[in-house]
S.K.: 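Below are the structure tokens for one structure; questions will follow.
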Amino acid sequence: MILILFGPPGAGKGTQAAFIAEKFDIPHLSTGAILRNKLLEKDSLSIKLMETMNTGNLVSDEILNKIIADRLKSSDCNNGFILDGYPRTISQKDFLIDFLDSVNLFIDAIIDLKIDKKNIIERIKSRLKKENRDDDQKDIIMTRIEKYDKETKPLSDYFKKNYTKNYHTVNGNQDIEKIHKDILKLLEK
């Protein structure tokens, strides 16, 4: 099963991906985790990645696409995977679709978690208290929401239009267990 999770910061993508990964025994591929793992390698790509990140610049689509493609070729992805945080741009979406086509794979489901901004802020405040995350300050989270709306939401709109049978929205304003049950219902059809 190949699954893409969309939703703004704080929507619960990581939480839901962890549940789904365990249920279907497939890896949860978070962009952040993939990049952190790549930094541990000592090859030319990891050195380039470190240089980019150390200057405070965003990782280019070219570098990120290469890292993602390498990760998707790993043997643990043979039975599928969950993408969380990728694709985020049109360029990444185009690369992913071309890559999957080149290896005769297809996207089984796209889950778009819809959540109100008020609930996002409440969840993030709660997460801030529990996990003491630096990226969860209110001004930073508002910037991340705006960036999501501008750059990533058009991708979910693209998938909604072009993958109608595989695209599903789930009410992300519900409690974690209800969201999980709704997603499982969609995936087990």
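Count residues from 1 along the sequence.
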S.K.: Salt bridge or not between Arg71 and Asp76? Use side-chain N to carboxylate O under 4.0 Å.
M.R.: yes

S.K.: Start with the C-alpha distance between Leu100 and Leu96, add both sets of side-chain angles, then the distance that settles side chain to side chain contact (heavy atoms under 4.5 Å, CB included), and finish with yes or no.
M.R.: CA-CA 6 Å; Leu100 293 175; Leu96 177 65; 4.0 Å; yes

S.K.: Has the side chain of Arg123 got a donor or acceptor atom that lies under 3.5 Å from a matching backbone atom of Ile120?
M.R.: no

S.K.: In terms of hydrophobic clusters joined by side-chain contacts under 4.5 Å, are Phe81 and Ile20 together?
M.R.: no

S.K.: Take Leu83 and Ile107 through the side chain to side chain contact (heavy atoms under 4.5 Å, CB included) test and state the conclusion after the steps.
M.R.: CA-CA 10 Å; Leu83 289 171; Ile107 300 166; over 6 Å; no

S.K.: Give a yes or no on whether the backbone of Asn119 and the side-chain of Asp116 come within a donor-acceptor separation of less than 3.5 Å.
M.R.: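 Here the side-chain-to-backbone pair does not exist.
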
S.K.: If the test is side-chain contact (heavy atoms from CB on, under 4.5 Å), which one of Leu29, Leu5, Ile4, Ile111 qualifies with Ile82?
M.R.: Leu5

S.K.: Would you indicate whether Asn79, at its atom CG, is surrounded by more than 12 heavy atoms from other residues, nucleotides or ligands within a distance under 6.0 Å?
M.R.: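 Count not over threshold, so no.
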
S.K.: Please check if the side chain of Asn78 supplies one atom and the backbone of Ser75 the other of a donor-acceptor pair under 3.5 Å.
M.R.: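 Yes.
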
S.K.: Please name all residues satisfying side chain to side chain contact (heavy atoms under 4.5 Å, CB included) with Thr89, sequence neighbours left out, ordered by chain then number.
M.R.: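 With neighbours one apart ignored, the set is Asp61, Ser91, Gln92, Glu151.
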
S.K.: Can you tell whether the side chains of Lys161 and Asp157 come within less than 4.0 Å, N to carboxylate O?
M.R.: no

S.K.: Kindly check if the number of other-residue, nucleotide or ligand heavy atoms within 6.0 Å of CD (Glu188) is above 12?
M.R.: yes

S.K.: Using the salt bridge (Lys or Arg N to Asp or Glu O under 4.0 Å) criterion, which residues pair with Asp108? Sequence neighbours excluded.
M.R.: none

S.K.: Under a 4.0 Å threshold between the charged nitrogen and the carboxylate oxygen, would Lys38 count as salt-bridged to Glu41?
M.R.: yes

S.K.: May I ask you to check whether over 12 heavy atoms, not counting those of Lys147, lie within 6.0 Å of atom NZ?
M.R.: no

S.K.: For the backbone of Arg88 and the side chain of Thr152, can you confirm whether one donor and one acceptor N or O come within less than 3.5 Å of each other?
M.R.: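 Flag set: sc Thr152 to bb Arg88 pair under 3.5 Å.
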
S.K.: Examine distances only and state if a side-chain atom of Lys13 and a backbone atom of Pro8 form a donor-acceptor pair shorter than 3.5 Å.
M.R.: yes

S.K.: Quick check: are there more than 12 heavy atoms from other residues, nucleotides or ligands sitting under 6.0 Å from CD of Glu62?
M.R.: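 Atom CD in Glu62 is not crowded, with 12 or fewer foreign heavy atoms closer than 6.0 Å.
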
S.K.: Which ring pair (Phe, Tyr, Trp, His ring centres under 6.0 Å) pairs, counting each pair once, include a residue from residues 151-175, with sequence neighbours left out?
M.R.: Phe6-Phe159, Phe159-Tyr163

S.K.: With rounding to the nearest 0.5 angstrom, report the NE2 to CG distance, His28 to Leu3.
M.R.: 9.5 Å

S.K.: If you count every heavy atom of other residues, nucleotides or ligands that lies below 6.0 Å from Asp25 atom CG, does the total exceed 12?
M.R.: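 Counting neighbours around CG of Asp25, 12 or fewer heavy atoms of other residues, nucleotides or ligands fall under 6.0 Å, so no.
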
S.K.: Are Val170 and Leu184 grouped together when hydrophobic residues (ILVMFWY) are joined by side-chain heavy atoms under 4.5 angstrom apart?
M.R.: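 Cluster IDs for Val170 and Leu184 match.
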
S.K.: Do Ile176 and Phe24 share a hydrophobic cluster (ILVMFWY, side-chain heavy atoms under 4.5 Å, transitive)?
M.R.: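 No, no single cluster joins them.
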
S.K.: Might you point out which heavy atoms bring Gln174 and Asn171 nearest each other, and give the distance in Å?
M.R.: NE2-O, 2.8 Å

